[in-house]
Structure formats: structure tokens, C-alpha cells
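Remember, it's a predicted structure, so these values are computed and weren't measured experimentally.
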Amino acid sequence: SSSSTSSSSKHSNGTGPGQKLQVPTLNGNLLLGDVSEEEWRRIDKKVNKYPGERTFTAIGPGSDATFPDSVVKAVEEVMGPALSVNQRPSSQGAWVSVKVAVVVQGPDQVMAIFASIKKIAAVKW
């Protein structure tokens, strides 16, 4: 399964039922607009199996040499060591894509990773 970064946050970090979370992709499929955490969890339950490998992708400025490590650190603070880490600069070098794969045990860990990545100011997507 594959997932991209989002502007979501974990329920215990101040996001209550009914508050909107930005969830750009879910299991590799683009979702348009905001969805509530409740709706995200309903969809997640239908399309994802746990435990399972998930890849989280963050895009940031290619000029920020610390960006890739900050993404890895954000994921590993929640999950421990990553299974794999890949980074790829854009064709002009303006952006860098960082992909971090981990095994998640459930949707709460997915939400916690999203919240951790969201804290990185340089994340553009």
C-alpha cells in the first residue's frame, strides 16, 4: 500500500470528530477535498489491511539539504527504523521527494505519522 503525506493530525493531538483533515491520497488513490477523520477511518478500514507496509511521501525544497533527514526522523520517531528510504530530486532540482516505508499496525499509527510529518515546516505536499 502507498500513501502520501497529508496535513492530518492524530485525534489525541487536538483533532476531534467532525474536524477536517487533508488526506491527499489513500492507498494510492487521490481523494479530492477535505474528509473528516471519521470518514478517513471508514474508508481506511475498507481498503487497508493491518499490519501492513505503507510508504509515506513528502515533497520539499531541493535546496534544503536537511529536508530528507527531517522526513525520515519524523517517521522514525513514531515507528522506529524505516524499512526503506528513497529520495529523488525533481528534474530542475527545485524539489525533492522523500519516500519512507514502514510496517504500520493500524490507522492510529498512520495518523501519528501524518501528524509528525506535518510538523516539518518545509513540507510542501
Side-chain angles (χ1 to χ4, degrees):
S1 291
S2 176
S3 181
S4 291
T5 60
S6 78
S7 301
S8 59
S9 61
K10 192 175 175 186
H11 181 74
S12 64
N13 288 341
T15 302
Q19 285 189 308
K20 298 293 184 179
L21 300 175
Q22 186 71 17
V23 185
T25 64
L26 181 64
N27 204 28
N29 298 312
L30 183 64
L31 296 178
L32 301 176
D34 292 337
V35 295
S36 68
E37 181 174 346
E38 181 180 317
E39 177 70 3
W40 180 88
R41 287 181 181 274
R42 186 186 67 73
I43 295 168
D44 181 72
K45 192 173 188 176
K46 287 183 177 182
V47 299
N48 291 305
K49 302 286 185 227
Y50 297 101
E53 185 175 326
R54 293 282 289 267
T55 300
F56 296 85
T57 304
I59 296 174
S63 60
D64 183 350
T66 65
F67 179 74
D69 286 340
S70 65
V71 174
V72 173
K73 182 179 176 186
V75 174
E76 290 185 339
E77 283 177 350
V78 176
M79 299 302 303
L83 296 174
S84 67
V85 176
N86 294 296
Q87 61 180 321
R88 188 181 69 153
S90 65
S91 60
Q92 300 291 316
W95 304 101
V96 63
S97 168
V98 182
K99 295 182 178 191
V100 183
V102 293
V103 174
V104 292
Q105 300 301 314
D108 289 342
Q109 287 183 332
V110 173
M111 298 299 278
I113 292 168
F114 285 153
S116 186
I117 291 171
K118 179 184 175 185
K119 294 176 187 174
I120 304 168
V123 168
K124 298 302 176 199
W125 184 261

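- Ile117 approaches Ala58 most closely through the heavy-atom pair CG2-CB, 4.3 Å.
- Side chains of Tyr50 and Asp44: a donor-acceptor N/O pair is present below 3.5 angstrom, by distance only.
- Here Ser70 contributes atom OG and Glu77 contributes atom CD; the two are 10.0 Å apart, rounded to the nearest 0.5 Å.
- The heavy-atom pair separating Val98 from Pro68 by the smallest distance is CG2-CA, 3.7 Å.
- Looking at Glu38 and Arg41, no side-chain N of the basic residue comes within less than 4.0 Å of a carboxylate O on the acidic one, giving no salt bridge.
- Rounded to the nearest 0.5 Å, atoms CG (Asp69) and CD (Glu76) are 9.5 Å apart.
- Put simply, CG on Asn86 and NZ on Lys99 are 7.5 Å apart, with the number rounded to the nearest 0.5 Å.
- Of all heavy-atom pairs between Ala74 and Ser116, the closest is O-OG, 2.7 Å.
- Side chains of Arg54 and Ile113 form no contact here, defined as non-hydrogen atoms less than 4.5 Å apart.
- Across Ala82 and Val102, no two heavy atoms sit closer than the pair CA-CG1, 3.9 Å.
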- Begin from the C-alpha positions of Val123 and Phe67 and carry the test side chain to side chain contact (heavy atoms under 4.5 Å, CB included) through to its verdict. CA-CA 8 Å; Val123 168; Phe67 179 74; 3.7 Å; yes

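- In this structure, CD in Gln105 is found 6.5 Å from CE in Met79, a value given to the nearest 0.5 Å.
- Side chain of Gln109 to main chain of Val78: no donor-acceptor pair is present (N/O by atom type, distance under 3.5 Å, no hydrogens or angles).
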